[in-house]
Amino acid sequence: MASSAPIGVFDSGLGGISVARQMRVDLPYERIIYFGDSANAPYGIKTPDEVKKLSFSIVDNFVKLGVKAVVIACNTATSAAVNDLRAHYDIPIIGMEPALKLACDLGKGEPQHVIVAATELTLRERKFADLLQRFSQNNTIFSQPCPDLVRIVEQGELNNSEKVMDTLHKYFDAYDLDNIDSVVLGCTHFVFYRDYFRKLLPERTNIVDGNEGTIHHLREVLAERGELADAFSEGSITLTNSDKSERIYQLAQSLCTKTD
Ligand code: DGL
C-alpha cells in the first residue's frame with residue numbers, strides 16, 4: 001500500500017538541501033519536510049554526544065509530525081548518531097557516509113588515490129575508520145577536514161568565488177592533484193562547491209558524492225515496505241530551520257533552487 005506520509009530530512013544546517021533538492025527530482029511524488037539546524041551549526045567541530053543529543057531532538061519532532069522515514073542528510077550526524085537512532089525508532093533511518101566505495105570502484109580494480117573531504121568529526125569517528133580499513137589496503141586515501149567550507153555556505157558566501165577559491169587552495173594545494181583520481185565530497189555542504197572543485201582539479205579527477213546513492217537506498221527501503229507515495233500524489237518540499245531569521249529562510253530557498 002502506498003503511503004502519503006512525509007519524509008523527514010535533516011542536516012546541521014543548509015548542506016542537506018543538496019540532498020533534499022535531488023530527492024525532489026528523483027522522488028517527485030514524495031512530501032519532504034526539511035529541517036536545517038543552522039542555529040547549532042556546525043556539527044563537525046562538536047563532540048559526538050552533543051551531535052547525538054541534537055539529532056534525537058530533531059527526529060523526535062519528525063516522529064511527532066508523522067514521518068514515514070528519516071534521511072540524515074549529514075555525514076557528521078550519521079557518524080555520531082545513526083546506530084542509536086535506529087535502535088530507538090521503528091521507522092527507517094537512512095544515513096550517509098563519504099562515498100569512498102564509489103570513488104574506489106571507479107578505478108575498476110586499479111589502485112586509486114582518493115581525497116576524502118569531510119568534517120573533523122566524520123573523519124575521526126569509528127564509522128569512517130571502518131571504511132578506511134576496507135578500502136585503504138588497495139588504495140591510497142587522504143582525509144581532509146574542511147570546516148571553512150561549511151561556514152561559507154551558512155554565511156551565504158557561496159557566490160564569493162575569490163573567497164571560495166582561496167579556501168580550496170588552502171586545503172588542497174599541499175596535494176599533488178595531478179595524481180589524485182577522485183575527490184569525495186563527504187559532507188553535504190560541500191556538494192554545493194562542485195563547480196569550484198571542477199575549477200581546482202585536473203580534468204581527469206572525479207568528483208564524487210553520496211547524494212544519489214542515499215536517495216536510491218531510500219527508494220529501495222520505502223518500496224520494500226510498500227510505502228512509496230503513489231504516482232498521483234503531488235510531491236512538495238517544506239524548508240524549516242532552527243534559525244528563524246529571514247536571512248536563513250532566503251538562503252535556504254535559493255540553495256534549494258540552485259542548479260549546478
Ligand atoms: N553537512 C554536514 C555533513 O554532511 C556537516 C556540516 C557541519 O555542520 O559541520 O557532514
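This chain uses plain numbering: 1 for the first residue, then up along the sequence. Bear in mind that the values here come from a model prediction, so they are computed numbers and not experimental data. Start at 1 and go down the list; that is how both ligands and their atoms are numbered.
- For ligand 1, the polar-atom distance check against His189 finds a nitrogen or oxygen pair separated by under 3.5 Å.
- In this structure, Thr119 and Cys187 approach most closely via the heavy-atom pair CG2-SG, 4.1 Å.
- Within the 4.0 Å heavy-atom cutoff, Gly15 does not count among the residues contacting ligand 1.
- If you number the atoms of ligand 1 from 1 as listed, the ones under 4.0 Å from a heavy atom of Thr119 come out as 5 (C), 6 (C), 9 (O), 10 (O).
- Residue Asn75 touches ligand 1 through backbone and side chain together, judged by heavy-atom distances below 4.0 Å.
- For the pair Arg219 and Asp26, the tightest heavy-atom approach, listed with the atom from each and the gap, is NH2-O, 2.9 Å.
- Here is the list of ligand 1 atoms found below 4.0 Å of a heavy atom in Ser12: 5 (C), 6 (C), 7 (C), 8 (O).
- A heavy-atom separation below 4.0 Å is found between Cys74 and ligand 1.
- In this structure, the protein non-hydrogen atom closest to atom 5 (C) of ligand 1 is Thr76 OG1, 3.4 Å.
- Those atoms of ligand 1 that come under 4.0 Å of a heavy atom in Asp11, given as number and element, are 1 (N), 2 (C).
- Taking the six-membered ring for Trp, Phe197 and Phe172 have ring centres closer than 6.0 Å.
- Listed by number with element, the atoms of ligand 1 under 4.0 Å from a non-hydrogen atom of Tyr43 are 7 (C), 8 (O), 9 (O).
- In terms of N/O distances under 3.5 Å, ligand 1 is not approached by Thr122.
- For the atom pair Lys258 NZ and Arg21 CZ, the distance stands at 6.5 Å (nearest 0.5 Å).
- Shortest non-hydrogen contact noted between Ser12 and Ala41 is O-CB, 3.2 Å.
- Looking at every heavy atom in both residues, Arg194 comes nearest to Ile207 through NH2-O, 3.0 Å.
- Just one residue in the list Val116, Val183, Ile180 forms a side chain to side chain contact (heavy atoms under 4.5 Å, CB included) with Phe142, and that residue is Ile180.
- Shown in contact with Gly44 at under 4.0 Å from a heavy atom are these atoms of ligand 1, numbered in order with element: 7 (C), 8 (O), 9 (O).
- In this structure, the side chain of Asn241 engages the main chain of Ser38 through a donor-acceptor pair within 3.5 Å.
- Residue contacts with ligand 1: Pro42 is placed with no nitrogen or oxygen under 3.5 Å of a nitrogen or oxygen of the ligand (distance criterion only).
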